[in-house]
Amino acid sequence: NAGVTQTPKFRVLKTGQSMTLLCAQDMNHEYMYWYRQDPGMGLRLIHYSVGEGTTAKGEVPDGYNVSRLKKQNFLLGLESAAPSQTSVYFCASSSAGGIYEQYFGPGTRLTVT
Amino acid sequence: QKEVEQDPGPLSVPEGAIVSLNCTYSNSAFQYFMWYRQYSRKGPELLMYTYSSGNKEDGRFTAQVDKSSKYISLFIRDSQPSDSATYLCAIGDGDMRFGAGTRLTVKP
């Protein structure tokens, strides 16, 4: 089992460009999450999904969109990147809600110049 | 005020030391308490999980919850260089809130 994988691992964008981060899990988990991690701020929840075809906003959703067309995939989109979105992005999945263990991917390091 | 507060450190200790990592939280309704360990340039991994108050031990690691003080701790006994990582607490009642993480270095 690969667990949770993220694509790409690194990316540099110019301000105003768009991109999509892909998360895939092979554990048949219902819940999936996108977090950003910044120094001193910890993990902050961007969006999450409780099942295929559903999405919901987290703590810091502005500037991001998500889609969960297939149970195993969760996509995070940046429509018009801003320097404030420079961060490390983590995807996670869990079998049920957040009180259950979350399995994290290796992260995507995004720099917006 | 953040719902979960964690001293970011960094914390540096010699090998063999006892390490104490702590978090405080503001909502007395929170019942689920977790500690994740994150190695450099990796995703976090669950280390310890406790529900409600009390202690839980797993090898060299002990998680402690004091709900009356809204305070949780993770103790590492006989710390090893391989314990060098960032430790994040996660606390909540369904939606988990993560602390900022404490960076620990154990020197040989």
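Values reported hereafter were calculated over all heavy atoms of this structure, with side chains retained and with hydrogens, waters and symmetry mates removed.
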Original post:
Quick one: hydrophobic cluster around L21(B), which other residues, with the 4.5 Å side-chain cut-off, linked directly or via members?
Top reply: V4(B), L11(B), V13(B), V19(B), Y25(B), F30(B), F33(B), W35(B), L47(B), M48(B), F61(B), V65(B), I72(B), L74(B), I76(B), Y87(B), I91(B), L104(B), V106(B)

Original post:
Looking at A100(B), P44(B), G43(B), which one has more heavy-atom pairs under 4.5 Å with chain A than the rest?
Top reply: P44(B)

**OP:** Count the heavy atoms belonging to other residues, nucleotides or ligands that lie under 6.0 Å from CZ of R44(A), then report whether that count exceeds 12.
**Re:** yes

Subject >> Cluster check L43(A), L110(A): I/L/V/M/F/W/Y, side chain < 4.5 angstrom >> reply: no

**OP:** Flag the one option from P106(A), A96(A), P39(A) with the top tally of heavy-atom pairs under 4.5 Å to chain B.
**Re:** P106(A)

Original post:
Taking everything shown except K2(B) itself, do over 12 heavy atoms lie less than 6.0 Å from its NZ?
Top reply: yes

Original post:
With the 4.5 Å side-chain cut-off for hydrophobic clustering, are F104(A) and L45(A) part of the same group?
Top reply: yes

Original post:
Is F98(B) reachable from Y51(B) through a run of hydrophobic residues whose side-chain heavy atoms are each under 4.5 Å from the next?
Top reply: yes

Original post:
Non-hydrogen atoms of chain A under 4.5 Å away: do they reach the side chain of Y36(B), the backbone, both or neither?
Top reply: side chain

Original post:
Where on R109(A) is there a heavy atom nearer than 4.5 Å to chain B: the side chain, the backbone, both, or neither?
Top reply: side chain

Original post:
Is it the side chain or the backbone of L88(B) that comes within 4.5 Å of chain A heavy atoms, both, or neither?
Top reply: side chain

Original post:
Which residues in residues 58-70 of chain A have any heavy atom lying under 4.5 Å from a heavy atom of chain B?
Top reply: none

Original post:
Take atom NZ in K71(A); do more than 12 heavy atoms of anything else shown fall under 6.0 Å from it?
Top reply: yes

**OP:** Tell me whether Y48(A) is reachable from Y35(A) by hopping between hydrophobic residues (I, L, V, M, F, W, Y) whose side-chain heavy atoms are closer than 4.5 Å.
**Re:** yes

Original post:
Do the side chains of Y31(A) and L46(B) join up, straight or via other hydrophobic residues, at under 4.5 Å, putting them in one cluster?
Top reply: yes

**OP:** Go through the atoms of Q6(B) and report whether side chain, backbone, both or neither lie under 4.5 Å from a heavy atom of chain A.
**Re:** neither

**OP:** Please look at Y103(A) and chain B and tell me whether the side chain, the backbone, both or neither of the residue comes under 4.5 angstrom of a heavy atom of that chain.
**Re:** neither

Original post:
If you measure from CE on M96(B) to CD on Q102(A), what distance do you get to the nearest 0.5 Å?
Top reply: 8.0 Å

Original post:
For chain B, which residues of residues 72-95 of chain A have at least one non-hydrogen atom nearer than 4.5 Å to it?
Top reply: F90(A)

Original post:
Going by the side chain to side chain donor-acceptor pair (under 3.5 Å) test, which pairs reach into residues 88-97 of chain B, not counting sequence neighbours?
Top reply: E3(B)-R97(B), D93(B)-R97(B)

